[in-house]
Amino acid sequence: MKKLIVSAVMGVAVVATGALAADGAALFKSKGCAACHQATVDTVGPSLKKIAAAYAGKEADLIKFLKGEHKAIVDPAKFAIMQPQLNTTKALSDAELKALADFILSHK
Ligand code: HEC
C-alpha cells in the first residue's frame, strides 16, 4: 500500500513537471524568443542547448538574468541585442519565469 501511494505521488510529480515544461515552451513561442533562439543551432542568439549548458545547476541565476538582475554569461558581446527582451521577461510572474527557465534548461 505504501508503495502504491509513493508511485501515485511520483506519477503526479512527473505530470506536473511535464505541464511546467509545456507552459515554458508556450511562453517561449508567444513572447517571441523563438525568433532568435533555436534548440540546437546558434542563430541571432545562442542555441537553447548552449544556454542550458552555461546555466546547468544555476536555475536561480538564469531567472535573475531574465529579471535583469544578473550579467550575461553566454555571449556578453551580443548582450545589446538581448537587453530589450528583458523588458518582456521582467513583466512575467515568478511562476512564468520558472516555467521559462525549466524549458530552457531542458535543452541539455
Ligand atoms: C532579437 C533577438 C532575440 C530575442 C527576440 C531574444 N533573444 Fe535571448 N539572446 C539574444 C542574443 C543575441 C543573446 C546573446 C547575448 C547574451 O548572452 O546576453 C541572447 C541571450 C539569451 C540568454 C543567455 C543570457 C546570458 O547569460 O548570456 C537567455 C537566457 C535568453 N537570451 C533568453 C531569451 C528569452 C527568454 C527570450 C524571449 C523573452 C529571448 N531570449 C529573446 C537574442 C534574442
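All ligand and atom numbering here is 1-based and tracks the order in the structure. Just so you know, residue 1 is the first one in the sequence shown, and it goes up from there.
At the top of the distance list for atom 26 (O) of ligand 1, counting protein heavy atoms only, stands Tyr55 OH, 2.4 Å. Taking atom 32 (C) of ligand 1 as the reference point, the nearest protein heavy-atom neighbour is Met82 CE, 3.5 Å. Here the protein heavy atom with the shortest distance to atom 15 (C) of ligand 1 is Asp75 O, 3.1 Å. The protein heavy-atom contact nearest to atom 25 (C) of ligand 1 is Ile73 N, 3.3 Å. In this structure, atom 12 (C) of ligand 1 lies nearest to the protein heavy atom Val44 O, 3.4 Å. Distance from atom 27 (O) of ligand 1 to its nearest protein heavy atom, with residue and atom name: Val74 N, 2.7 Å.
Residue Gly45 has at least one heavy-atom neighbour below 4.0 Å for each of these atoms of ligand 1: 10 (C), 11 (C), 12 (C). Close contacts of ligand 1 with Cys33, meaning ligand atoms under 4.0 Å from a residue heavy atom, involve 34 (C), 35 (C), 36 (C), 37 (C), 38 (C), 39 (C), 41 (C). For ligand 1 and Leu62, the ligand atoms under 4.0 Å from any heavy atom of the residue are 29 (C). Of all atoms in ligand 1, listed by their number and element, those nearer than 4.0 Å to a heavy atom of Gly32 are 5 (C).
Tyr55 has its side chain out of reach of Lys50: every pair of non-hydrogen atoms, C-beta onward, lies at least 4.5 Å apart. The closest side-chain heavy-atom distance from Leu62 to Leu105 is below 4.5 Å. A heavy-atom distance below 4.5 Å is found between the side chains of Lys67 and Leu97. Residues Met82 and Phe65 have side chains in contact (heavy-atom distance under 4.5 Å, counting atoms from C-beta outward).
Between Phe28 and His37, the angle of the ring planes lies from 30° to 60°, which puts this pair in the tilted group.
Not one N, O or S atom of Gln85 sits under 2.8 Å from atom 8 (Fe) of ligand 1.
Here the NE2 atom belonging to His107 is positioned 10.0 Å from the CD atom belonging to Gln38, to the nearest 0.5 angstrom.
Using a 4.0 Å heavy-atom cutoff, Pro46 is listed among the residues neighbouring ligand 1.
Salt-bridge annotation for Lys71 and Asp61: absent, with no side-chain N of the basic residue lying under 4.0 Å from a carboxylate O of the acidic one. Between Lys98 and Asp94, no side-chain nitrogen of the basic residue sits less than 4.0 Å from a carboxylate oxygen of the acidic one, so the salt-bridge criterion is not met.
Here His70 has no heavy atoms under 4.0 Å from ligand 1, in either its backbone or its side chain. With a 4.0 Å cut-off on non-hydrogen atoms, Thr89 touches ligand 1 through its side chain and not its backbone. By the criterion of a heavy-atom distance under 4.0 Å, the side chain of Ile51, and not its backbone, is placed next to ligand 1. When non-hydrogen atoms are compared, ligand 1 lies under 4.0 Å from neither the backbone nor the side chain of Ala35. Of the heavy atoms in Phe65, only side-chain atoms (C-beta onward) come closer than 4.0 Å to ligand 1.
Hydrophobic clustering (ILVMFWY, side-chain heavy atoms < 4.5 Å, transitive): Ile104 and Ile81 are in distinct clusters. Hydrophobic clustering (ILVMFWY, side-chain heavy atoms < 4.5 Å, transitive): Ile73 and Leu86 are in one cluster. Ile51 is connected to Phe79 through a chain of hydrophobic side-chain contacts under 4.5 Å among Ile, Leu, Val, Met, Phe, Trp and Tyr, so both are in one cluster.
Residue nearest to atom 42 (C) of ligand 1, selected from Cys36, Ala91, Gly24: Cys36 (by heavy-atom distance). If you check each of His37, Lys31, Lys64, Lys58 against atom 10 (C) of ligand 1, the one with the closest non-hydrogen atom is His37.
A distance-only check finds no donor-acceptor pair linking the side chain of Ser47 to the backbone of Val41 [under 3.5 Å].
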